[in-house]
Amino acid sequence: MSSESGTELRASDAALIERIVQRDQAALAALYDRYAGMLSSVLNRILRDPQAAEEILQDIFFQLWRNPSQFDPARGSLPGWLMVIARNRAISRLRRHNPAAGDELSEAAAVSTINIETAAAQQQLIGRVKGALENLPAEQRAAIELAYFEGMSHSEIAQRTGDPLGTVKTRLRSAVESLKRTLHAQAASTS
Amino acid sequence: MNAHPTREEDFDLYALGALDGDEKLAFESHLAECQQCARKLAEARGRIAMLSLAAPRVEPSPAVKQRLMAQVRTESITRSVRNIADNARRNAISDALRKANGSFEDAAAMLGIDHGALLDLVQKYDLDPASTGPPKNPRANPFPGFLRRWRAAILVPAFAALAIATAILWQQDRNLDRQLAALRTTAAQQHRQLDDARHFADLIGSSDTVIVALAPQPGQPLGSAHVMYNTKMGMLMYDGEIAPAPSAKSYELWVIPTDGKPINAGVFNPVTGRADHWMMKMPPGVEPKMFAVTLEPQGGMPRPTGPMVLIGHA
């Protein structure tokens with residue numbers, strides 16, 4: 001549920017970040033209202049642990065408060081950057097609980113042009129991403145969901161599903177090609 | 001340098017975390033040396049991140065935002081305390097250098113630190129040792145050359161100027177008195193903030209501290225608050241956000257003890273989007289049973305008369 005005031009609703013992400021640099025707590029609260037639901041959803045989907053998801057959610061926004069200049073508006077949109085961080089932190093937490101699963105992901109650079117500063121734009125893009133995934137063949141969709149939400153590599157997916165490694169690679173390659181075409185067009189239309 | 005990835009979708013596959021083994025190593029090895037591919041990977045990460053939006057919607061509990069904002073307020077208080085301490089240290093160094101007429105050795109001795117440490121601090125606080133020393137010596141002869149012949153002509157207006165300067169200085173002296181009074185007020189405020197921050201740190205650090213959540217009551221203005229109290233320390237802290245009070249009304253926080261009458265713990269008029277928080281001492285021996293925020297006539301009442309807006313049981 002959003003509790004942003006009218007002024008905060010109209011403020012752009014970049015303006016709110018600038019106010020956070022000036023230590024404005026209301027600006028952080030506004031960004032939280034804007035993106036906490038979206039981040040909470042992906043954190044819960046990956047971790048399936050509401051308490052761990054809430055811990056990471058709070059930590060992401062507290063880090064944004066302590067070091068807002070980490071986000072560079074020139075390199076892309078805030079929600080894209082936040083989603084990369086949320087997913088990396090969640091996968092990293094999953095892997096700590098399962099040391100055999102491999103190394104920890106870093107919070108690397110991400111560029112995203114999506115603009116979902118309003119709830120309506122957010123809803124519209126959610127619909128398009130879900131639509132793009134639903135249009136994939138079932139086995140491609142399953143493979144990409146295992147990679148994105150479970151943090152699995154080609155080999156791990158092959159092991160989980162029992163499919164040959166080459167088949168898994170082909171499915172994932174076809175899936176990202178389709179998604180890239182669709183999402184690229186959508187990003188352009190919402191930016 | 002390894003060759004560029006042969007297929008464009010390799011960037012998306014890497015961003016997805018799907019590559020492993022030799023494929024991953026070769027990709028990373030190339031990436032470390034190729035800015036163009038690093039840029040393509042950043043774009044792929046942003047694109048792949050959109051898959052997050054396919055997750056089923058799960059709203060976080062309101063407690064996360066409350067904890068976050070409490071954490072932010074605590075961090076802000078800590079930062080203020082650090083700034084006050086820095087200012088005090090800066091002033092002490094500046095003062096010591098002034099008293100030591102700019103001598104680093106004497107100033108370091110006054111401060112009880114070694115010469116090197118003082119030099120580091122002067123650099124850290126960007127102090128100008130020259131400006132903290134005594135005024136420069138005036139020129140030995142203020143009337144060089146032909147001016148000596150015109151001393152009388154110069155001295156008469158000089159005395160007039162001196163009289164004017166004295167009047168100006170007297171006025172400036174009065175202004176300085178006023179500024180000094182204002183600085184004393186500021187210093188007293190900073191001391192109070194520092195005391196509050198120390199009490200707050202003691203309160204949150206004590207295992208005897210109890211946190212009570214105050215919940216809104218049906219039909220009353222929306223809001224939420226926490227009271228943190230410690231009967232051993234005799235301290236109480238209120239932290240909450242609530243809708244602004246209606247015209248000519250104020251909110252009032254009450255401590256309702258297990259035995260005795262409700263105790264007034266603060267009257268407040270909230271501002272939209274801003275949390276109210278304060279600390280106060282609790283009377284000794286008071287054992288709270290509950291805390292309540294009531295709506296009272298503006299300025300508050302000696303005992304609760306209005307409806308209960310927030311309630312929390314200890």
Side-chain angles (χ1 to χ4, degrees), chain A residues 1 5 8 23 25-26 28-29 32 36-42 44-45 50 53-54 57-58 61-62 65-66 75-77 80 83-84 86-87 91 102 105 108-114 125-126 129-130 133 144 147-149 151-157 172-173 176-177 179-180 183-184 187, chain B residues 7-21 23-24 28 31 38-76 78-80 222 224 241 243 271-275:
Chain A
M1 187 180 69
S5 70
E8 315 296 10
R23 319 297 298 159
Q25 296 179 15
L28 181 76
Y32 180 91
M38 180 187 84
L39 298 181
S40 167
S41 305
V42 69
N44 274 284
R45 172 68 180 81
E54 291 192 345
L57 179 67
Q58 183 180 336
F61 280 96
F62 187 58
W65 167 255
R66 292 188 67 175
R75 297 180 62 186
S77 74
M83 284 190 286
V84 171
R87 190 232 178 189
I91 298 289
L105 288 164
V111 172
S112 172
T113 54
I114 57 169
L125 189 58
I126 286 171
V129 172
K130 283 185 174 173
L133 269 177
I144 209 155
Y148 191 79
F149 293 117
M152 288 187 178
S153 66
H154 285 140
S155 311
E156 289 165 334
I157 295 170
L172 273 176
R173 197 170 286 280
V176 296
E177 271 178 7
L179 285 173
K180 189 179 171 184
L183 297 179
H184 188 266
Chain B
R7 298 183 185 184
E8 284 296 304
E9 61 271 20
D10 281 348
F11 295 98
D12 295 70
L13 288 170
Y14 183 84
L16 195 58
L19 297 188
D20 54 12
E23 280 179 314
K24 186 180 178 191
E28 285 174 346
L31 207 69
R39 169 81 194 173
K40 282 185 178 180
L41 176 62
E43 287 169 2
R45 279 202 174 104
R47 193 163 48 240
I48 288 294
M50 281 199 271
L51 289 170
S52 293
L53 297 170
R57 190 78 175 180
V58 179
E59 293 295 342
S61 77
V64 183
K65 187 177 177 189
Q66 285 173 0
R67 285 199 299 268
L68 170 70
M69 299 316 289
Q71 193 180 15
V72 162
R73 284 195 283 278
T74 306
E75 192 261 0
S76 296
T78 310
R79 193 182 283 244
S80 300
L222 279 177
S224 67
E241 268 187 87
V271 176
T272 304
R274 207 176 288 171

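In what follows, chains carry the letters A, B, and so on, assigned in the order in which the sequence lines appear, proteins first and then strands, with residues in each chain numbered from 1.
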B:E23 versus chain A, the contacting section by heavy-atom distance below 4.5 Å: side chain

Rounded to the nearest 0.5 Å, what separates atom CZ in B:R45 from atom OH in B:Y14? 6.0 Å

Look at B:D10 together with A:R173 and state whether they make a salt bridge at an N to O cut-off of under 4.0 Å. yes

Under 4.5 Å from a heavy atom of chain B, the part of A:M152 involved: backbone

In terms of heavy-atom proximity below 4.5 Å to chain A, should B:E75 be classed as side chain, backbone, both, or neither? side chain

Pick out which of B:R39, B:R47, B:K40 makes a salt bridge (charged side-chain N to carboxylate O under 4.0 Å, His left out) with B:E43. B:R39

Which portion of B:A38 sits near chain A, non-hydrogen atoms under 4.5 angstrom: neither

4.5 Å side-chain heavy-atom contact, B:I48 and A:V84: no

Considering only heavy atoms and a distance below 4.5 Å, find which of A:M38, A:Q58, A:E54, A:Q25 pairs most often with chain B. A:Q58

Could you check which of A:I144, A:I157, A:L39 has the highest count of heavy-atom pairs closer than 4.5 Å to chain B? A:I144

So for atom CZ, which belongs to B:R57, do other residues, nucleotides or ligands contribute more than 12 heavy atoms lying within a distance under 6.0 Å? yes

Under 4.5 Å to a heavy atom of chain B? For A:F62 that would be both

Heavy-atom cut-off 4.5 Å, strictly under: side chain, backbone, both or neither for A:L172 against chain B? both

So, do B:L16 and B:L51 sit near enough that their side-chain heavy atoms are less than 4.5 Å apart? yes

A:L28 portion near chain B, given a 4.5 angstrom heavy-atom threshold: side chain

Hey, are the side chains of B:P56 and A:R45 touching, using non-hydrogen atoms and a 4.5 Å cut-off? yes

Under a 4.5 Å cutoff for heavy-atom pairs, which residue among B:R67, B:E8, B:R73 has the most contacts with chain A? B:R67

